[in-house]
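Accompanying notes for the structure given below.
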Amino acid sequence: MKIGIIGGGFMGLALAQKLAGPNTFVKVFERDEQLGGLATYHDYGDYVWDRFYHVILPGDKYLLSYLESIGLKDKLRWKKTYTGYYVNEKFYSISNSKEFLLFPPLSIISKVRLAITILYASRINDWKNMEKITIEEWLVKIGGRNTFEKFWKPLLLAKLGENYKRVSAVFIWTYIKRLFEARGDDSAREEQMGYVEGGYKTVFEQAEKVLTSKGAVVAKGTTVSRISPHAEGGVIVEADGQSEHFDRVVFTSPVNVLQQTVDPSLAEVTGNLDKIEYLGVVCMVMATKKSLTPYYVLNIADARVPFTGVIGMSTLVDTAQTGGFHITYFPKYILSTDPVLKKPEAELKKWFMDGVKIMYPDLKDSDIASVHINRAFKVQPLQFLNYSQIVPQTETLHPDFFVLNTSQFVNDTLNNNSVARHVERFVEQYGSQLLRPAKSMIKF
(Lines give C-alpha, C1' and ligand atoms only; values in the text may rest on other atoms or scores of the structure.)
Protein backbone atom coordinates (compact mmCIF):
# COMPACT_ATOMS: atom_id res chain seq x y z
CA MET A 1 0.00 0.00 0.00
CA LYS A 2 1.35 3.42 -1.01
CA ILE A 3 -0.15 6.59 0.49
CA GLY A 4 0.75 10.18 -0.37
CA ILE A 5 0.09 12.98 2.13
CA ILE A 6 0.04 16.54 0.81
CA GLY A 7 1.27 18.95 3.48
CA GLY A 8 3.97 18.53 6.11
CA GLY A 9 2.37 20.64 8.80
CA PHE A 10 1.46 19.20 12.18
CA MET A 11 -1.66 17.62 10.68
CA GLY A 12 0.16 15.86 7.85
CA LEU A 13 2.87 14.54 10.16
CA ALA A 14 0.40 13.28 12.77
CA LEU A 15 -1.57 11.52 10.04
CA ALA A 16 1.58 9.97 8.58
CA GLN A 17 2.47 8.63 12.03
CA LYS A 18 -0.92 6.91 12.20
CA LEU A 19 -0.70 5.34 8.74
CA ALA A 20 2.95 4.39 8.21
CA GLY A 21 3.79 0.77 8.95
CA PRO A 22 5.30 -2.48 7.67
CA ASN A 23 2.72 -2.86 4.92
CA THR A 24 2.11 0.82 4.20
CA PHE A 25 4.58 3.15 2.52
CA VAL A 26 3.85 6.82 3.24
CA LYS A 27 5.32 9.85 1.52
CA VAL A 28 4.75 13.37 2.88
CA PHE A 29 5.08 16.32 0.49
CA GLU A 30 6.00 19.66 2.07
CA ARG A 31 6.62 22.81 0.02
CA ASP A 32 8.83 24.53 2.64
CA GLU A 33 12.28 23.44 3.74
CA GLN A 34 11.02 23.24 7.33
CA LEU A 35 8.21 21.03 8.57
CA GLY A 36 5.43 22.27 10.80
CA GLY A 37 3.47 25.00 9.03
CA LEU A 38 2.22 27.56 11.56
CA ALA A 39 3.78 25.52 14.37
CA THR A 40 7.28 25.65 12.91
CA TYR A 41 10.38 27.09 14.55
CA HIS A 42 12.68 30.03 13.82
CA ASP A 43 16.42 30.70 14.14
CA TYR A 44 16.69 33.82 16.29
CA GLY A 45 20.48 33.91 16.10
CA ASP A 46 21.38 33.16 19.70
CA TYR A 47 18.79 30.38 19.97
CA VAL A 48 16.19 28.44 18.01
CA TRP A 49 12.62 28.43 19.26
CA ASP A 50 9.04 28.45 18.03
CA ARG A 51 8.11 31.08 15.46
CA PHE A 52 4.83 31.74 17.26
CA TYR A 53 3.98 30.90 20.85
CA HIS A 54 2.66 27.43 21.64
CA VAL A 55 1.82 25.68 24.87
CA ILE A 56 0.69 22.22 25.96
CA LEU A 57 -2.15 21.88 28.47
CA PRO A 58 -2.84 18.98 30.85
CA GLY A 59 -6.12 18.32 29.03
CA ASP A 60 -4.47 18.01 25.60
CA LYS A 61 -4.86 14.25 25.54
CA TYR A 62 -4.64 13.88 21.76
CA LEU A 63 -1.49 16.00 21.48
CA LEU A 64 0.07 14.22 24.46
CA SER A 65 -0.75 10.85 22.92
CA TYR A 66 0.97 11.87 19.68
CA LEU A 67 4.08 13.11 21.50
CA GLU A 68 4.26 9.81 23.36
CA SER A 69 3.88 7.86 20.11
CA ILE A 70 7.02 9.51 18.69
CA GLY A 71 9.00 8.98 21.88
CA LEU A 72 8.91 12.47 23.42
CA LYS A 73 7.04 11.76 26.65
CA ASP A 74 10.27 12.10 28.66
CA LYS A 75 10.97 15.47 27.02
CA LEU A 76 7.79 17.08 28.38
CA ARG A 77 8.26 19.72 31.06
CA TRP A 78 5.47 21.19 33.21
CA LYS A 79 5.33 24.33 35.30
CA LYS A 80 2.86 26.37 37.29
CA THR A 81 1.96 29.52 35.35
CA TYR A 82 0.22 32.80 36.10
CA THR A 83 -2.32 34.98 34.30
CA GLY A 84 -2.43 38.77 34.51
CA TYR A 85 -4.53 41.71 33.39
CA TYR A 86 -3.22 45.17 32.46
CA VAL A 87 -5.75 47.95 32.88
CA ASN A 88 -5.56 51.61 33.96
CA GLU A 89 -1.75 51.42 33.74
CA LYS A 90 -1.62 48.75 36.44
CA PHE A 91 -0.85 45.02 36.45
CA TYR A 92 -3.17 42.64 38.27
CA SER A 93 -2.71 38.92 38.82
CA ILE A 94 -5.88 36.87 38.28
CA SER A 95 -4.28 33.46 38.64
CA ASN A 96 -6.52 32.09 41.40
CA SER A 97 -9.94 32.62 42.97
CA LYS A 98 -8.69 34.95 45.68
CA GLU A 99 -6.91 37.25 43.22
CA PHE A 100 -9.91 37.22 40.96
CA LEU A 101 -12.19 38.31 43.83
CA LEU A 102 -9.80 41.17 44.62
CA PHE A 103 -9.67 42.38 40.98
CA PRO A 104 -10.48 46.13 41.46
CA PRO A 105 -12.00 47.07 38.05
CA LEU A 106 -15.02 44.80 38.67
CA SER A 107 -17.66 45.06 41.38
CA ILE A 108 -18.52 42.00 43.47
CA ILE A 109 -21.70 41.49 41.45
CA SER A 110 -19.77 41.69 38.16
CA LYS A 111 -17.21 39.19 39.44
CA VAL A 112 -19.93 36.76 40.40
CA ARG A 113 -21.59 37.12 37.00
CA LEU A 114 -18.23 36.71 35.25
CA ALA A 115 -17.55 33.51 37.21
CA ILE A 116 -21.01 32.21 36.31
CA THR A 117 -20.39 33.01 32.62
CA ILE A 118 -17.09 31.11 32.57
CA LEU A 119 -18.46 28.12 34.48
CA TYR A 120 -21.60 27.98 32.33
CA ALA A 121 -19.64 28.18 29.07
CA SER A 122 -17.21 25.48 30.21
CA ARG A 123 -20.10 23.04 30.61
CA ILE A 124 -21.78 23.67 27.25
CA ASN A 125 -21.37 20.81 24.79
CA ASP A 126 -23.92 21.73 22.11
CA TRP A 127 -22.30 24.67 20.34
CA LYS A 128 -24.68 24.94 17.38
CA ASN A 129 -27.11 27.32 19.05
CA MET A 130 -24.19 29.57 20.02
CA GLU A 131 -23.31 30.30 16.40
CA LYS A 132 -26.71 31.96 15.98
CA ILE A 133 -25.90 34.75 18.45
CA THR A 134 -23.04 37.27 18.57
CA ILE A 135 -20.40 37.22 21.30
CA GLU A 136 -21.68 40.50 22.71
CA GLU A 137 -25.32 39.40 22.85
CA TRP A 138 -24.41 36.13 24.57
CA LEU A 139 -21.98 37.62 27.10
CA VAL A 140 -24.37 40.45 28.03
CA LYS A 141 -27.25 37.99 28.39
CA ILE A 142 -25.30 35.72 30.77
CA GLY A 143 -22.96 38.12 32.53
CA GLY A 144 -24.54 41.56 32.26
CA ARG A 145 -23.64 44.75 30.43
CA ASN A 146 -21.24 46.08 33.09
CA THR A 147 -19.14 42.91 33.12
CA PHE A 148 -19.02 42.93 29.33
CA GLU A 149 -17.92 46.56 29.09
CA LYS A 150 -15.23 46.37 31.77
CA PHE A 151 -13.83 42.87 31.26
CA TRP A 152 -14.79 41.21 27.99
CA LYS A 153 -14.98 44.11 25.55
CA PRO A 154 -11.35 45.26 25.94
CA LEU A 155 -10.18 41.69 25.39
CA LEU A 156 -12.37 41.23 22.32
CA LEU A 157 -11.23 44.54 20.83
CA ALA A 158 -7.63 43.48 21.39
CA LYS A 159 -8.16 40.05 19.86
CA LEU A 160 -10.59 40.87 17.04
CA GLY A 161 -10.85 44.64 16.76
CA GLU A 162 -14.30 45.88 15.76
CA ASN A 163 -14.80 42.51 14.04
CA TYR A 164 -15.96 41.09 17.37
CA LYS A 165 -19.39 42.60 16.65
CA ARG A 166 -19.84 40.14 13.77
CA VAL A 167 -18.38 37.03 15.43
CA SER A 168 -20.59 34.35 16.98
CA ALA A 169 -20.50 33.22 20.60
CA VAL A 170 -18.76 30.01 19.47
CA PHE A 171 -15.51 32.00 19.50
CA ILE A 172 -15.67 32.81 23.22
CA TRP A 173 -16.97 29.32 24.03
CA THR A 174 -13.91 27.70 22.46
CA TYR A 175 -11.67 30.20 24.26
CA ILE A 176 -13.16 29.40 27.67
CA LYS A 177 -13.11 25.64 27.07
CA ARG A 178 -9.43 25.91 26.18
CA LEU A 179 -8.80 28.00 29.32
CA PHE A 180 -10.24 25.25 31.52
CA GLU A 181 -7.93 22.69 29.92
CA ALA A 182 -4.98 24.45 31.58
CA ARG A 183 -6.28 23.06 34.86
CA GLY A 184 -7.02 19.56 33.61
CA ASP A 185 -10.22 17.95 34.84
CA ASP A 186 -10.31 19.99 38.05
CA SER A 187 -11.02 23.69 37.52
CA ALA A 188 -10.02 24.43 41.12
CA ARG A 189 -6.44 23.33 40.48
CA GLU A 190 -3.68 25.83 39.87
CA GLU A 191 -2.97 26.54 36.25
CA GLN A 192 -0.04 24.67 34.78
CA MET A 193 1.29 24.41 31.26
CA GLY A 194 3.92 22.43 29.45
CA TYR A 195 6.37 22.33 26.57
CA VAL A 196 8.77 19.93 24.91
CA GLU A 197 12.47 20.50 25.52
CA GLY A 198 13.81 22.22 22.41
CA GLY A 199 10.34 23.41 21.38
CA TYR A 200 8.65 22.33 18.17
CA LYS A 201 12.03 21.96 16.46
CA THR A 202 12.50 18.88 18.65
CA VAL A 203 8.97 17.68 17.81
CA PHE A 204 9.32 17.92 14.03
CA GLU A 205 12.84 16.54 13.90
CA GLN A 206 11.74 13.57 16.01
CA ALA A 207 8.61 13.09 13.89
CA GLU A 208 10.71 12.94 10.73
CA LYS A 209 13.17 10.54 12.37
CA VAL A 210 10.41 8.17 13.49
CA LEU A 211 8.67 8.26 10.11
CA THR A 212 11.94 7.49 8.34
CA SER A 213 12.52 4.55 10.67
CA LYS A 214 9.11 3.23 9.61
CA GLY A 215 10.10 3.38 5.94
CA ALA A 216 8.28 6.63 5.17
CA VAL A 217 9.69 9.47 3.08
CA VAL A 218 9.39 13.14 4.08
CA ALA A 219 9.98 15.26 0.97
CA LYS A 220 10.75 18.80 2.17
CA GLY A 221 11.17 21.68 -0.26
CA THR A 222 8.94 19.88 -2.74
CA THR A 223 6.15 21.76 -4.53
CA VAL A 224 3.12 19.76 -5.67
CA SER A 225 1.82 21.20 -8.93
CA ARG A 226 -0.91 18.73 -9.93
CA ILE A 227 -2.92 15.87 -8.46
CA SER A 228 -5.02 13.76 -10.82
CA PRO A 229 -6.67 10.33 -11.04
CA HIS A 230 -4.92 7.36 -12.64
CA ALA A 231 -6.93 5.51 -15.30
CA GLU A 232 -6.42 2.16 -13.58
CA GLY A 233 -7.00 3.35 -10.03
CA GLY A 234 -5.10 5.40 -7.52
CA VAL A 235 -3.87 8.97 -7.83
CA ILE A 236 -0.97 10.66 -9.61
CA VAL A 237 0.99 13.37 -7.78
CA GLU A 238 3.14 15.68 -9.87
CA ALA A 239 5.86 17.50 -7.94
CA ASP A 240 8.96 19.33 -9.11
CA GLY A 241 8.61 17.95 -12.63
CA GLN A 242 8.18 14.30 -11.62
CA SER A 243 5.06 12.12 -11.43
CA GLU A 244 4.42 9.45 -8.82
CA HIS A 245 1.56 6.97 -8.49
CA PHE A 246 -0.14 6.38 -5.11
CA ASP A 247 -2.89 3.98 -4.11
CA ARG A 248 -4.39 6.71 -1.90
CA VAL A 249 -3.73 10.42 -1.41
CA VAL A 250 -4.77 12.57 1.57
CA PHE A 251 -4.77 16.33 1.05
CA THR A 252 -4.11 18.36 4.24
CA SER A 253 -3.26 21.77 2.74
CA PRO A 254 -5.71 24.72 2.57
CA VAL A 255 -8.77 24.70 0.31
CA ASN A 256 -7.45 27.46 -1.95
CA VAL A 257 -4.35 25.32 -2.65
CA LEU A 258 -6.63 22.35 -3.36
CA GLN A 259 -8.50 24.37 -5.97
CA GLN A 260 -5.23 25.26 -7.70
CA THR A 261 -3.67 21.78 -7.78
CA VAL A 262 -6.38 19.09 -7.60
CA ASP A 263 -8.16 17.80 -10.72
CA PRO A 264 -11.92 18.59 -10.51
CA SER A 265 -12.71 14.91 -10.93
CA LEU A 266 -11.13 14.20 -7.51
CA ALA A 267 -12.92 16.77 -5.36
CA GLU A 268 -15.52 19.50 -5.54
CA VAL A 269 -15.62 22.60 -3.37
CA THR A 270 -19.10 24.01 -2.82
CA GLY A 271 -19.71 27.43 -1.35
CA ASN A 272 -17.90 30.72 -1.75
CA LEU A 273 -14.39 30.97 -0.33
CA ASP A 274 -14.64 34.75 -0.58
CA LYS A 275 -17.19 34.71 2.26
CA ILE A 276 -14.59 33.36 4.67
CA GLU A 277 -12.46 35.97 6.42
CA TYR A 278 -9.27 34.99 8.19
CA LEU A 279 -7.35 36.33 11.13
CA GLY A 280 -3.71 37.07 10.46
CA VAL A 281 -1.05 37.90 13.04
CA VAL A 282 1.98 40.09 13.46
CA CYS A 283 4.08 38.81 16.35
CA MET A 284 7.07 40.62 17.80
CA VAL A 285 9.49 38.35 19.68
CA MET A 286 11.84 40.02 22.14
CA ALA A 287 14.85 38.52 23.90
CA THR A 288 15.84 40.36 27.07
CA LYS A 289 18.57 39.93 29.67
CA LYS A 290 16.09 40.13 32.51
CA SER A 291 12.52 38.97 33.02
CA LEU A 292 9.89 41.29 31.58
CA THR A 293 6.74 39.78 33.08
CA PRO A 294 5.76 37.21 35.75
CA TYR A 295 2.72 36.13 33.71
CA TYR A 296 2.58 33.57 30.94
CA VAL A 297 -0.52 35.34 29.58
CA LEU A 298 -1.07 39.03 30.22
CA ASN A 299 -4.40 40.32 28.92
CA ILE A 300 -4.42 43.99 27.94
CA ALA A 301 -7.16 46.60 28.22
CA ASP A 302 -5.39 49.68 26.86
CA ALA A 303 -6.20 51.11 23.43
CA ARG A 304 -2.77 52.79 23.22
CA VAL A 305 -0.98 49.45 23.05
CA PRO A 306 -0.87 47.94 19.54
CA PHE A 307 -0.40 44.28 20.48
CA THR A 308 -3.22 42.08 21.77
CA GLY A 309 -1.39 40.53 24.70
CA VAL A 310 1.96 39.73 26.25
CA ILE A 311 3.11 36.12 26.33
CA GLY A 312 5.91 35.57 28.83
CA MET A 313 7.37 32.42 27.33
CA SER A 314 10.25 32.37 29.79
CA THR A 315 7.84 32.14 32.71
CA LEU A 316 7.27 28.62 31.38
CA VAL A 317 10.38 27.68 29.38
CA ASP A 318 13.75 27.46 31.11
CA THR A 319 16.09 30.17 29.79
CA ALA A 320 18.69 27.46 29.16
CA GLN A 321 16.46 26.55 26.20
CA THR A 322 16.67 30.06 24.74
CA GLY A 323 20.33 31.04 24.95
CA GLY A 324 20.04 32.35 28.50
CA PHE A 325 17.61 35.08 27.44
CA HIS A 326 14.05 35.77 28.58
CA ILE A 327 11.69 35.42 25.62
CA THR A 328 8.46 37.41 25.30
CA TYR A 329 5.92 37.35 22.45
CA PHE A 330 3.77 40.38 21.54
CA PRO A 331 1.03 39.27 19.10
CA LYS A 332 -1.41 41.48 17.22
CA TYR A 333 -4.32 39.67 15.54
CA ILE A 334 -5.90 41.42 12.56
CA LEU A 335 -7.82 40.53 9.41
CA SER A 336 -5.62 38.82 6.85
CA THR A 337 -6.42 41.66 4.43
CA ASP A 338 -5.24 44.38 6.83
CA PRO A 339 -2.36 46.41 5.33
CA VAL A 340 -0.59 46.26 8.70
CA LEU A 341 0.51 42.74 7.78
CA LYS A 342 2.56 44.16 4.89
CA LYS A 343 4.17 47.05 6.75
CA PRO A 344 8.00 47.19 6.73
CA GLU A 345 9.64 45.38 9.64
CA ALA A 346 11.30 48.53 10.97
CA GLU A 347 7.97 50.34 11.12
CA LEU A 348 6.32 47.44 12.96
CA LYS A 349 9.18 47.23 15.46
CA LYS A 350 8.93 50.93 16.28
CA TRP A 351 5.15 50.74 16.65
CA PHE A 352 5.31 47.72 18.94
CA MET A 353 8.25 49.07 20.95
CA ASP A 354 6.31 52.27 21.61
CA GLY A 355 3.64 50.07 23.18
CA VAL A 356 6.22 48.15 25.20
CA LYS A 357 7.56 51.43 26.62
CA ILE A 358 4.05 52.44 27.69
CA MET A 359 3.65 49.25 29.70
CA TYR A 360 7.26 48.82 30.82
CA PRO A 361 8.77 52.34 31.14
CA ASP A 362 11.72 51.04 33.18
CA LEU A 363 12.92 48.73 30.42
CA LYS A 364 16.30 49.94 29.15
CA ASP A 365 17.67 49.49 25.65
CA SER A 366 20.68 47.77 27.21
CA ASP A 367 18.33 45.10 28.61
CA ILE A 368 17.16 44.11 25.11
CA ALA A 369 19.25 41.49 23.32
CA SER A 370 17.22 41.27 20.11
CA VAL A 371 13.83 42.00 18.55
CA HIS A 372 12.24 40.01 15.72
CA ILE A 373 9.02 40.30 13.69
CA ASN A 374 7.16 37.20 12.53
CA ARG A 375 3.87 37.26 10.64
CA ALA A 376 1.28 34.90 9.22
CA PHE A 377 -1.54 35.92 6.89
CA LYS A 378 -4.04 33.13 7.55
CA VAL A 379 -4.03 31.88 11.13
CA GLN A 380 -7.66 30.84 11.46
CA PRO A 381 -11.06 31.70 9.95
CA LEU A 382 -13.33 34.08 11.83
CA GLN A 383 -16.41 32.29 13.11
CA PHE A 384 -19.14 34.68 12.06
CA LEU A 385 -22.84 34.00 12.64
CA ASN A 386 -23.89 30.59 11.28
CA TYR A 387 -20.32 29.92 10.18
CA SER A 388 -20.88 26.17 9.84
CA GLN A 389 -23.57 26.88 7.23
CA ILE A 390 -21.46 29.17 5.03
CA VAL A 391 -18.03 27.53 5.24
CA PRO A 392 -17.17 25.89 1.90
CA GLN A 393 -17.61 22.13 1.90
CA THR A 394 -15.18 19.82 0.15
CA GLU A 395 -16.69 16.67 -1.31
CA THR A 396 -14.31 13.98 -2.51
CA LEU A 397 -15.39 12.40 -5.80
CA HIS A 398 -12.86 9.58 -6.05
CA PRO A 399 -12.50 6.54 -3.74
CA ASP A 400 -8.72 6.95 -3.56
CA PHE A 401 -8.64 10.67 -2.70
CA PHE A 402 -9.31 12.15 0.76
CA VAL A 403 -9.29 15.63 2.28
CA LEU A 404 -8.44 16.57 5.86
CA ASN A 405 -7.67 20.21 6.61
CA THR A 406 -8.46 23.04 9.02
CA SER A 407 -11.38 24.31 6.91
CA GLN A 408 -13.34 21.55 8.68
CA PHE A 409 -12.83 23.25 12.08
CA VAL A 410 -16.21 24.88 12.70
CA ASN A 411 -16.30 24.66 16.51
CA ASP A 412 -12.63 24.55 17.46
CA THR A 413 -9.83 26.95 18.16
CA LEU A 414 -6.82 26.22 15.99
CA ASN A 415 -4.31 24.49 18.26
CA ASN A 416 -2.29 21.32 17.93
CA ASN A 417 -4.49 19.30 20.27
CA SER A 418 -7.50 20.09 18.06
CA VAL A 419 -5.47 19.07 15.01
CA ALA A 420 -4.44 15.79 16.63
CA ARG A 421 -8.08 15.13 17.59
CA HIS A 422 -9.26 15.66 14.01
CA VAL A 423 -6.55 13.30 12.76
CA GLU A 424 -7.66 10.66 15.25
CA ARG A 425 -11.29 10.94 14.19
CA PHE A 426 -10.36 10.95 10.50
CA VAL A 427 -8.46 7.68 10.86
CA GLU A 428 -11.30 6.15 12.87
CA GLN A 429 -13.76 7.09 10.12
CA TYR A 430 -11.71 6.44 6.99
CA GLY A 431 -8.88 4.16 8.10
CA SER A 432 -10.41 1.01 6.62
CA GLN A 433 -10.90 2.75 3.27
CA LEU A 434 -7.39 4.20 3.27
CA LEU A 435 -5.78 0.84 3.99
CA ARG A 436 -8.01 -1.38 1.86
CA PRO A 437 -6.06 -3.40 -0.76
CA ALA A 438 -5.32 -1.55 -3.96
CA LYS A 439 -6.84 -2.93 -7.17
CA SER A 440 -3.49 -4.29 -8.26
CA MET A 441 -3.23 -6.23 -5.00
CA ILE A 442 -6.67 -7.82 -5.08
CA LYS A 443 -6.66 -11.53 -6.02
CA PHE A 444 -9.70 -13.08 -7.67
Side-chain angles (χ1 to χ4, degrees), residues 5 7-17 20 28-57 60 62-79 81 193-214 216-222 252-253 281 283-288 296 311-331 369-376 379 414-420 423:
I5 296 177
F10 186 83
M11 179 176 283
L13 295 174
L15 179 61
Q17 175 67 11
V28 179
F29 293 85
E30 171 53 43
R31 178 187 60 186
D32 296 330
E33 294 292 342
Q34 280 184 195
L35 299 172
L38 284 173
T40 197
Y41 51 92
H42 183 75
D43 187 345
Y44 292 97
D46 297 304
Y47 59 96
V48 175
W49 198 255
D50 303 343
R51 188 173 177 220
F52 301 105
Y53 56 95
H54 301 282
V55 70
I56 302 169
L57 305 183
D60 287 347
Y62 296 96
L63 174 57
L64 291 170
S65 176
Y66 170 72
L67 294 174
E68 183 174 358
S69 76
I70 61 173
L72 290 180
K73 183 177 181 180
D74 292 340
K75 293 289 186 180
L76 282 164
R77 298 292 178 264
W78 299 93
K79 190 174 180 180
T81 53
M193 298 181 179
Y195 67 97
V196 174
E197 279 191 7
Y200 269 93
K201 182 176 189 290
T202 297
V203 174
F204 297 131
E205 287 182 346
Q206 179 69 5
E208 184 176 5
K209 179 181 177 181
V210 170
L211 286 172
T212 301
S213 72
K214 297 169 77 170
V217 170
V218 180
K220 295 178 288 188
T222 304
T252 71
S253 295
V281 65
C283 189
M284 186 175 80
V285 187
M286 180 188 294
T288 53
Y296 175 75
I311 309 298
M313 185 58 65
S314 293
T315 64
L316 171 65
V317 177
D318 193 305
T319 54
Q321 300 278 304
T322 52
F325 296 113
H326 297 265
I327 309 305
T328 309
Y329 290 77
F330 301 86
S370 62
V371 177
H372 310 264
I373 296 290
N374 291 325
R375 45 189 132 194
V379 176
L414 184 57
N415 60 75
N416 287 332
N417 185 63
S418 294
V419 171
V423 168

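From a predicted model like this one, the values you see are computed outputs, not experimental measurements.
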Can you find a heavy atom in the side chain of [X] that is under 4.5 Å from one in the side chain of [Y]?
X: Y66; Y: V423; value: no
X: M313; Y: Y296; value: yes
X: V379; Y: F52; value: no
X: L57; Y: M193; value: yes
X: L64; Y: L76; value: yes

**Item:** Residue R77 excluded, over 12 heavy atoms near CZ under 6.0 Å
**Value:**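 More than 12 heavy atoms, drawn from other residues, nucleotides or ligands, come within 6.0 Å of this atom.
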Side chain to side chain donor-acceptor pair (under 3.5 Å) partners of [X], counting only residues at least two apart:
X: Y44; answer: N374
X: T40; answer: Q34
X: Y53; answer: Y333

Keeping [X] on the side-chain end and [Y] on the backbone end, is there a donor-acceptor pair under 3.5 Å?
X: R51; Y: R375; result: yes
X: K79; Y: V317; result: no
X: D43; Y: V48; result: no

Of the non-hydrogen atoms in [X] and [Y], which two are nearest, and what is the gap between them?
X: S314; Y: T322; result: OG-OG1, 4.3 Å
X: V281; Y: P331; result: CG2-CB, 4.1 Å
X: A216; Y: A20; result: CB-CB, 4.4 Å

Between [atom1] on residue [X] and [atom2] on residue [Y], distance to nearest 0.5 Å:
X: Y195; Y: D50; atom1: OH; atom2: CG; result: 11.5 Å
X: H42; Y: Y47; atom1: NE2; atom2: OH; result: 8.5 Å
X: I5; Y: Q17; atom1: CD1; atom2: CD; result: 10.5 Å
X: L13; Y: I70; atom1: CG; atom2: CD1; result: 8.5 Å
X: I327; Y: D46; atom1: CD1; atom2: CG; result: 9.0 Å

**Request:** Sequence neighbours left out, what pairs pass side-chain hydrogen bond (donor to acceptor under 3.5 Å, both in side chains) with at least one residue falling in residues 204-214?
**Result:**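 Sorted result for residues 204-214: K201-E205, E208-K220.
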**Prompt:** Is there a side-chain contact (heavy atoms from CB on, under 4.5 Å) between W49 and F325 once you walk through the steps?
**Reply:** CA-CA 12 Å; W49 198 255; F325 296 113; over 6 Å; no
**With sequence neighbours excluded, residues passing side chain to side chain contact (heavy atoms under 4.5 Å, CB included) with T202** =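 With sequence neighbours excluded, T202 shows a side chain to side chain contact (heavy atoms under 4.5 Å, CB included) to L72, V196, given in chain and number order.
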**Item:** Test side chain to side chain contact (heavy atoms under 4.5 Å, CB included) applied to S65 - qualifying residues, sequence neighbours left out
**Value:**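 By the side chain to side chain contact (heavy atoms under 4.5 Å, CB included) rule, S65 matches no residue at all.
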**Request:** Dump the intermediate steps for side-chain contact (heavy atoms from CB on, under 4.5 Å) on F10 and L63, then the final yes or no.
**Result:** CA-CA 10 Å; F10 186 83; L63 174 57; 3.5 Å; yes
**Message:** Could you tell me if T328 and H326 have a donor-acceptor pair between their side chains, going purely by distance under 3.5 Å?
**Reply:**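 No, no side-chain donor-acceptor contact under 3.5 Å.
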**Request:** Would you check if there is a donor-acceptor pair between the side chains of N416 and Y200 at a distance under 3.5 Å?
**Result:**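 Yes, side-chain donor-acceptor contact under 3.5 Å.
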**Prompt:** For V218 and E30, what are the C-alpha separation, side-chain angles and deciding distance, and is it a side-chain contact (heavy atoms from CB on, under 4.5 Å)?
**Reply:** CA-CA 8 Å; V218 180; E30 171 53 43; 5.7 Å; no
**Message:** Walk me through whether I56 and L67 qualify under side-chain contact (heavy atoms from CB on, under 4.5 Å).
**Reply:** CA-CA 11 Å; I56 302 169; L67 294 174; 3.8 Å; yes
